[in-house]
Amino acid sequence: MPTESPTNELAKQYRPEEVERDVAKRWDEAKAFAASPQDSSRKPKAYSIVIPPPNVTAALHMGHALNNTLQDILIRWHRMLGDNTLWMPGTDHAGIATQTVVDKRLQNEGEPALKDYKQLEAEGKDGREQFIGKVQAWKDEYEAVITGQLKSMGCSCDWDRQRFTMDDQCAKAVREAFFRLFKDGLIYRGKRLVNWDPATQTALADDEVEMQDVDGQFYYMKYPVIDDEGKPTGEYVTVATTRPETMLGDTAVAVNPRDTARGQFIGKRVELPIVGRRIPIVGDEYVVIPDPESDDSKARMASGFLKVTPAHDPNDWEIGQRHALDVINVMAPDGTISRDHGWDDFENWLNSSHADKQTLDALLGQSREQARKTVVKWFEARDLMAEIKPYRHAVGHSYRSHVAIEPYLSDQWYVKVTDERLRGAAIDAMAPDQRQPLADAYEFERKLSREQLENDGVKLNVPGEKGATWQSELRFYPERYARTFQNWHENLRDWCISRQLWWGHRIPVWYATATAGDKTPIPIDSMKLPGKVTFNCLTEEENNTIVVQAMAGRDATGPTFAICVPPDCSEIERKLEAVGFTQDPDVLDTWFSSALWPLSTMGWPEDTAELQTWNPTNVLCTAREIITLWVSRMVMFNTYLHGKLPFKDVFIHAMIQDGHGQKMSKSLGNGVDPNDIIHSHGADAMRFTLTSMTTQTQDVRMPVDMVCPHTGQMFTPKFVTSGSSQSRVAAPIQDSPFAKGKKMTSSFGVASGQVKPTDDAPLARNTSEKFDYGRNFSNKLWNATRFALSKLAEAENTDGGGTGEQLSLADRWILSRTARTIEAVNKSLAEYEFHNYAGRLYQFVWNDVCDWYIEAVKPTISTPQGARSRQVLATVLDVSLRMLHPTMPFITERLWESLSAVAPKRGVRGLDPNENDLLVTADWPVADRALVDLHAEDIFEKLRTLITMIREVRTVNKVPPRECVEVSVKIAPDLVGEISPRQNIVESLANVKLVAIGDTIEKPADAAVIVRPMVEVYLHNQLDAEAEKSRLTKHLSDVTGQIKNLEGRLSNENYTKKAPAHLVQESRDKLTALKRELEAVKKQLAELG
RNA sequence: GGGCGAUUAGCUCAGUUGGCUAGAGCGCUUCCCUUACAAGGAAGAAGUCACAGGUUCGAGUCCUGUAUCGCCCACCA
């Protein structure tokens, strides 16, 4: 009875923190998220998602919250559908990013930092392991933070399976993958220019380089042309450059062979000023032909002669490769001019006629910047500087030290992703209808490459061909991202995977250097290792345990042997080291292990049940910037190594921006901790709001406010402009607008390392009004259920029946709406239209259930005649809770518990769930077509219109809401029979007494009136002639306008001829109704005088 | 420089293959602490759908161009 009723357990307002804690505990105890491959017999359909592993560099922000909410929705939905569902959690070691933040933290705290450990290492002591230990500690700390955040959000990952890209299982997968790719010739070592940071002296990945616009100069320098004997001919060629100092390393000048004005220079030579080096003029299509009229700024600036410095410019390197040019590096790793790092011909030209020994001596040791000045001065002094023009251009800078990046030549490992076995697979993976015709250049390359591979006896695993183990099923949502994916692959370059870092998977290759010509320098045989070493080839032994690749480096003293050791061969590693091999000091690019994520998490290379059940996964859910870095590489690796796609669908979601339209990111420091939002609004409110904001196109703008830690009130912080990118961020220190004199620190201040929270100035949490939307909805749902429980608690819990006569119009209407909502929701989720999913349920629960259904049944629900309505109400709420559960798991779980306690059977056949303790594993509702009742919906719609009309005329005539007044209704004859039996609903919802209803009702004197096409409502004794007149006049002009519009349309012969018949008929009907309405309005106006 | 996307009410955004006197939430105005909910209820005002052309019986929706903003990729000639 009521005193015992669970209604009383529910507070008047929804308080998320208690509910979230309790519900999380129930899920945990029930092991509700655990997945087992053995379940496959019981649940034949498998569903899986691997989490995009967050970097352990920092806590998660709202972008992650969005990403993981969407995944959780899909996971929870499929779990309820009865699929064998796995959400695999884990984190990413994020090589350079993590190493950098840890180094920074150590520096800030005055502890020994990276450079100190490097010093130790240089002294032969163990610095590397010690430093890795520090990073490991950081990783443990942040992994715990991240896991905590995901759990607070309600993410239903199978937490027992949590992985880390550097744990033993993932390490094994990395070793195996590297070994197999190496063995198959898909990994090689080569010289290439890397992004070198001269300040910190490490190579950087492309995405770690920040482009900044810099005001620079364009220098036009004249090089003298010489004849065959080396004598100046008196001619000069003028090269254009922004980097004069690199001329010291020039090994050619290039001209476009199609350049009619300059082509004759090809084949001649110039003498490089200062250095004296004699270098050729080569023809290369890369060179832009000058054209002062051109739209292309390059063509306007170009001189037609390009100085070629292969060691200091990536494009020049390519040109150098094409023309077999010397590569001369004139810089030391710290960016100073040096003859000791590959300036091999320094001496050769020193005594040539035009070498300037004095200047060269001065240049050695100068910084890049000084050297530039020296060179420019030299040219100017000799009248060899033709011109200097100002030029604004983008220059790469280190995101760490902020100095300009120096392209620097070094040995790196590459994955040959341009091989058809990798790139080809990525292209073939695409669903045919999302694929466009291939670019001609690639199409050609592809054909050649495949023929070559076939000739070499390499078997390709190509979809649609014999023996293929996978199909072209990769599909992007939204579709347009398929193009991004395809374009990226058509223009792909080999992937540099080595990084000069300590934090990461060490490259599993051991080297030894042999003297030139020595073909068996290493006594492998004597070690009784499986495998035979031969020079310059790969070994192919039965078990393929060891693979040797021989290489000759340009600057090496002799050929270098590289031995790749597969996993679980530590004994072999020791033996190699014993005979003088050393392991490559570099580590692998983070993305190498990330690329294996759908494999490594499932236990590959072992043939596990997990792998069989859940790879391919169903969908990858990610932000768009990662399509190239990650999606592509997973597709290539999964298909090559495992013969399966890593996933079928790729859903690309929006980016979260702050209130200034800036991307929310760690590097900017404007990220918002989801826990802050959970604190201010609750996890469900956050999730629901994020779900509603997830449309197909639009990035999400989230203005960020702060909560004063002294008073708990919300305010908009002061913003300042920060950094080279001029971004708008919250000032590190904020004054409390409420507590005078009190201060606080912003999360930006802390994230950017500018301030630390103190007792006097504590860290202020962030919040955002955006989430009021979800919070209000949570509360609405909470109270609607509270209402229902109070009614059900007093009522019997019958088994109920199917649909039938005893259902009222309102019952049939809401059940019809329910059935159609289920269908709509299923469709939205299947198509990854998350905002439609959330929006439809918002509208259903708030507008249909709360505003109309509950209000309509209120007068009768507690009476014996309300028994069926009680069942319908219980059912409708139950279905709502089940459908909302994926996006609002906590509140729905809690309310479902109470609902099940009071009404174990809801009572409408076809919609009752199976008995289950927890909503998280309950059945997803099935749409019963038999419940769809369009007639009931139509009649109810008319009632709604009538009630709204009455309310309007009441409001306009200032009738107090509590006053029950008399009305009479004139209505089209065919509606009388439908409306009059339900006049009690009208009376209750409009708070009126309906004294008369029919098609011949006369307007009483002194009645206010409202007119619609089929209806007129007379509000008795309420005439406010003035208000009435102005309202009717406006109405008249509205209707007249509409009539004019329709008449215009219908008088157009082309319309009546060409438009679909039903639309024309619709227009005619509408016109008729409007004309009737017009007459009625006119009549009323006339009566008013 | 190449590509993609956006521009709709004061704000944040929907608007499915063209059929629209264009919708929602917030904010705003008026009224109501009515026994689920004031984080609520009722009613209301508010838009030359960025701009200019075009296709069509009909354009927010399709095409072309312009402007502004955002993102991705490339680029130190």
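Candidate nucleotides rA39(B), rC32(B), rG3(B) were compared by shortest atom distance to the side chain of Arg483(A), and rG3(B) ranks first. Listed nucleotides rC71(B), rG41(B), rC76(B) differ in distance to Met655(A); the shortest reach to its side chain belongs to rC71(B). Picking from rC37(B), rA14(B), rG19(B) the nucleotide with the shortest atom distance to the side chain of Lys780(A) gives rC37(B). The nucleotide whose nearest atom lies closest to any side-chain atom of Asn315(A) is, among rC37(B), rC75(B), rA36(B), rC75(B). With rC75(B), rU34(B), rC76(B) as the candidates, the nucleotide lying closest to the side chain of Arg962(A) is rU34(B). Listed candidates were rA36(B), rC37(B), rG3(B). Nearest to the side chain of Asn779(A) is rC37(B). Of the candidates rG70(B), rC37(B), rC76(B), the closest approach to any side-chain atom of Lys12(A) belongs to rC37(B). Listed nucleotides rG40(B), rA43(B), rC76(B) differ in distance to Trp846(A); the shortest reach to its side chain belongs to rG40(B). Each of rA42(B), rG19(B), rC37(B) was ranked by its minimum atom distance to the side chain of Thr955(A); first place goes to rA42(B). For His835(A), taking side-chain heavy atoms from C-beta onward, the closest of the listed nucleotides rG40(B), rC76(B), rG15(B) is rG15(B).
Among the heavy atoms of the strands lying under 4.0 Å from Asp851(A) are primed sugar atoms or P, OP1, OP2 only; no base atom is included. When heavy atoms are screened at a 4.0 angstrom cut-off, Pro703(A) is found touching no nucleic acid atom at all. Across all strands, Val956(A) comes closer than 4.0 Å to no nucleic acid atom at all (heavy-atom distances). Residue Pro1060(A) is in base contact, counting any heavy-atom pair closer than 4.0 Å across all strands shown. Residue Arg701(A) is classed as a sugar-phosphate contact, given heavy-atom separations below 4.0 Å to backbone atoms only. Residue contacts shown for Arg954(A) are absent, as no nucleic acid heavy atom lies under 4.0 Å away. Nucleic acid contact class of Phe777(A) (heavy atoms, under 4.0 Å, all strands): none.
Checked for salt-bridge contact, Glu855(A) and Lys858(A) meet the test: a charged N lies under 4.0 Å from a carboxylate O. The pair Arg243(A)-Glu406(A) counts as a salt bridge, with a side-chain nitrogen and a carboxylate oxygen less than 4.0 angstrom apart.
Remark: rA42(B) base-pairs with rU30(B); criterion is Watson-Crick or G-U wobble with both hydrogen-bond distances under 3.5 Å. Applying the Watson-Crick and G-U wobble criteria (two distances, each under 3.5 Å), rU61(B) pairs with nothing in any strand. Pairing of rA24(B), defined by two Watson-Crick or G-U wobble distances under 3.5 Å, is identified with rU12(B). Under the Watson-Crick and G-U wobble criteria, each requiring two contacts below 3.5 Å, nucleotide rG47(B) is left unpaired. Pair assignment for rU55(B): none, as no Watson-Crick or G-U wobble contacts are both less than 3.5 Å. Base pairing of rG18(B): no nucleotide in any strand meets the Watson-Crick or G-U wobble criterion (both distances under 3.5 Å). rG70(B): Watson-Crick or G-U partner is rC4(B), with both key distances under 3.5 Å. Base pairing of rU35(B): no nucleotide in any strand meets the Watson-Crick or G-U wobble criterion (both distances under 3.5 Å).
Look at NE2 on His653(A): it is 13 Å from P on rC72(B), rounded to the nearest Å. Computed from coordinates, the Arg786(A) CZ to rG40(B) C1' distance equals 12 Å when rounded to whole Å. One can place CG of Leu1063(A) at 12 Å from C1' of rC20(B), the figure rounded to the nearest angstrom. Here the C1' atom of nucleotide rA36(B) and the CG atom of Leu899(A) are 14 Å apart, to the nearest Å.
Between Trp488(A) and rG2(B), a side-chain N or O to OP1/OP2 separation shorter than 4.0 Å is absent. Side-chain nitrogen and oxygen atoms of Asn491(A) include none within less than 4.0 Å of the OP1 or OP2 phosphate oxygen of rG3(B). Residue Thr695(A) places at least one side-chain N or O closer than 4.0 Å to OP1 or OP2 of rA14(B). Between Arg624(A) and rC72(B) there is no side-chain N or O to OP1 or OP2 distance below 4.0 Å.
One donor-acceptor pair, N or O on each side, does fall under 3.5 Å between the base of rA36(B) and the side chain of Glu855(A). No hydrogens or angles were tested; on distance alone, a donor-acceptor pair under 3.5 Å links the side chain of Lys858(A) to the base of rA36(B).
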Worked verdict on Glu833(A) versus Arg840(A) for salt bridge (charged side-chain N to carboxylate O under 4.0 Å, His left out): CA-CA 11 Å; Glu833(A) 291 185 342; Arg840(A) 179 72 192 226; over 6 Å; no

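Each of Ser778(A) and Asp313(A) has a nearest nucleotide on RNA chain B; the 5'-most of these lies closest to Ser778(A).
The same atom, P, is picked in rG3(B) and in rA9(B); the two are 30 Å apart, to the nearest Å. Across rG27(B) and rG70(B), the matching P atoms stand 29 Å from one another, rounded to whole Å. For the C1' atoms, the distance from rU48(B) to rU7(B) is 15 Å, rounded to whole Å. When the C1' atom is used for both rU68(B) and rU29(B), the distance is 34 Å, rounded to whole Å. rC49(B) sits 27 Å from rC4(B) when the P atoms are compared, rounded to a whole Å. Distance check on atom P: rG54(B) versus rC13(B) gives 33 Å, rounded to whole Å. Across the P atoms, rG19(B) and rC62(B) are found 11 Å apart, a figure rounded to whole Å. Distance check on atom C1': rA38(B) versus rU34(B) gives 12 Å, rounded to whole Å.
Inspection of the Ser768(A) and Asp705(A) side chains reveals no N or O donor paired with an N or O acceptor under 3.5 Å. A donor-acceptor pair shorter than 3.5 Å cannot be found between the side chains of Ser790(A) and Arg786(A). Remark: the Arg1049(A) side chain and the Asn1052(A) side chain contain no N/O donor-acceptor pair separated by less than 3.5 Å. Ser398(A) and Asp197(A) form a side-chain donor-acceptor contact under 3.5 Å, judged by distance and modelled atom types alone.
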What pairs of nitrogen or oxygen atoms, one from the protein and one from nucleotides 22-25 of chain B, lie under 3.5 Å apart?
none

Short heteroatom pairs, N/O only, protein and nucleotides 44-47 of chain B, under 3.5 Å:
residue : atom : partner   : partner atom : Å
rG44(B) : OP1  : Glu952(A) : OE1          : 3.2

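The number of heavy-atom neighbours closer than 6.0 Å to CD of Glu1053(A), taken from other residues, nucleotides and ligands shown, is 12 or below.
A donor-acceptor pair under 3.5 Å links the side-chain atoms of Glu490(A) to the main chain of Ala439(A), judged by distance alone. Put simply, the side chain of Arg954(A) gets close to the backbone of Ala990(A): a donor and an acceptor are under 3.5 Å apart. The backbone N or O of Thr309(A) lies less than 3.5 Å from no partner atom in the side chain of Asp313(A), so there is not a single donor-acceptor pair. Checked by atom type and distance alone, the side chain of Arg951(A) never pairs as donor or acceptor with a backbone atom of Asn991(A) at under 3.5 Å.
Note on ring orientation: taking the six-membered ring where Trp is involved, the planes of Phe777(A) and Trp846(A) are parallel (angle under 30°, cut-offs 30° and 60°).
Ring pair Tyr773(A)/Tyr842(A): centre-to-centre distance below 6.0 Å.
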